[in-house]
Asker: 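What follows is a structure written as structure tokens; I'll ask about it next.
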Number of protein chains: 2
Amino acid sequence: MPKPKAPHERNALASGPEHKEAGLQLKGRIWLEKDGQTFLSWGRVVLLERIAEHGTLAAAARSMDMSYSHAWNLVKQMNQLAGKPLVEKQAGGKKGGGAYLTPSGEKARDEFWRLVKQFQGWVDQRKIK
Amino acid sequence: MPKPKAPHERNALASGPEHKEAGLQLKGRIWLEKDGQTFLSWGRVVLLERIAEHGTLAAAARSMDMSYSHAWNLVKQMNQLAGKPLVEKQAGGKKGGGAYLTPSGEKARDEFWRLVKQFQGWVDQRKIK
DNA sequence: GTGCGTTATGTTTTTTATGATATAACGCTA
DNA sequence: TAGCGTTATATCATAAAAAACATAACGCAC
């Protein structure tokens, strides 16, 4: 069973397995800040994806072993920093309520994954001596 | 007075000031792992530099507001993961003792800064829409 | 109106990382 | 041998992050 990763190591991109035999891996992570505060990061964008997938904030949080309150805080901050909501929610109503991505939310998700993909490309082409 | 940075945000490279007016910044950090454990990172390599500069582990730690025991643990782990010492130390002796970088240590430092510089280049050329 | 599962929000607890503290050993100097 | 500032090492305390927990409010369905 693999040792659980430390928080700062989670969601990190790694150089490809071709370097594995050396036991030496280049790792890294990127994120976006707005006005000095974390806006989008790997975990946050996965959360956006899970919300789109599950339709509720509670189920999204459960699906990634995140506490509901933490997920709620992240969404609150993302919405606030974006200036407009990335996620809209409803308390009560049919099936108790729910949450979904706005077009801005989908765009943010796509843009971030685009950046991550570019970064992964950069990492992969590094040769570690 | 600027808000102190959270641990996971420290030592992060940022996209240049040309993006600052948008309030949106791409940030990132990289590190090297060996056998799944952190081997070299920004803070660790700064520590190597300070050791070379000050000649003792104690002074190096002081100079970067790091506890001696933490610095000692980092050096121990770096030496161990490298397979050969990056830092050699002497307890006692002229002036009480000291520490210095081995050629391997100097090389590790230089290689890491080279990687960081390349990464900074990559970050700088990202255009954030 | 009751029940249901959700969102909303605050408080408490746990975990993790790091710094602080304490003590011993080391090896030169005088 | 005594003194010095260092390395060596373990333990304790603190701070930050995250999870856990506890309620309340919401709005549809019945």
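Below, chains carry the letters A, B, ... as their sequence lines are ordered, and counting in each starts from 1.
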Asker: Of all heavy-atom pairs between B/Leu86 and B/Ala108, which one has the smallest distance, and what is that distance?
Answerer: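 What the structure gives for the nearest pair is CD1-CB, 4.2 Å.
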Asker: List the residues meeting side chain to side chain donor-acceptor pair (under 3.5 Å) with B/Glu49, not counting sequence neighbours, and say none if there are none.
Answerer: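 B/Glu49 satisfies side chain to side chain donor-acceptor pair (under 3.5 Å) with B/Trp113 once adjacent residues are dropped.
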Asker: Show me the protein contacts with nucleotides 27-30 of chain C, counting only N or O atoms at under 3.5 Å.
Answerer:
residue: C/dG27; atom: O4'; partner: B/Gly93; partner atom: N; Å: 3.0
residue: C/dG27; atom: N3; partner: B/Gly93; partner atom: N; Å: 3.1

Asker: Nearest heavy-atom pair of B/Leu81 and B/Lys34: which atoms, and what distance?
Answerer: O-CD, 3.1 Å
Asker: What residues form a side-chain contact (heavy atoms from CB on, under 4.5 Å) with A/Glu106, not counting sequence neighbours?
Answerer: A/Leu101, A/Arg109
Asker: What heavy-atom pair brings B/Val123 and B/Leu26 nearest, and what distance separates the two atoms?
Answerer: CG1-O, 4.0 Å
Asker: Looking only at the aromatic ring of each residue, does the gap between the centers of A/Phe119 and B/Trp122 stay below 6.0 angstrom?
Answerer: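 Ring centroids of B/Trp122 and A/Phe119 are less than 6.0 Å from each other.
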Asker: Among residues two or more places apart or on two chains, list those pairs meeting side chain to side chain donor-acceptor pair (under 3.5 Å) that have a residue in residues 73-85 of chain A.
Answerer: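 The answer is A/Gln37-A/Gln77, A/Arg44-A/Gln77.
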Asker: Please enumerate all residues that pass side chain to side chain donor-acceptor pair (under 3.5 Å) together with A/Tyr100, with sequence neighbours excluded.
Answerer: A/Glu88
Asker: Is there a donor-acceptor contact under 3.5 Å from the side chain of B/Thr102 to the main chain of B/Pro85?
Answerer: yes
Asker: Is there a side-chain polar atom (N or O) of A/Trp72 under 4.0 Å from OP1 or OP2 of C/dA8?
Answerer: yes
Asker: Within residues 51-70 of chain A, which residues have any heavy atom lying less than 4.0 Å from an atom of DNA chain C?
Answerer: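 Nucleic-acid contacts, sorted: A/Thr56, A/Leu57, A/Ala58, A/Tyr68, A/Ser69.
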Asker: Would you tabulate the side-chain donor-acceptor contacts of residues 52-67 of chain A under 3.5 Å, counting partners in other chains and residues two or more places apart, or write 'none'?
Answerer:
residue: A/His54; atom: ND1; partner: A/Arg50; partner atom: O; Å: 3.1
residue: A/Thr56; atom: OG1; partner: A/Ala59; partner atom: N; Å: 2.9
residue: A/Ser63; atom: OG; partner: A/Arg50; partner atom: NH1; Å: 2.9
residue: A/Ser63; atom: OG; partner: A/Ala60; partner atom: O; Å: 2.8
residue: A/Ser67; atom: OG; partner: A/His70; partner atom: N; Å: 3.2

Asker: Listed in order of residue number, which residues of residues 74-88 of chain B have a non-hydrogen atom at under 4.0 Å from DNA chain C?
Answerer: none
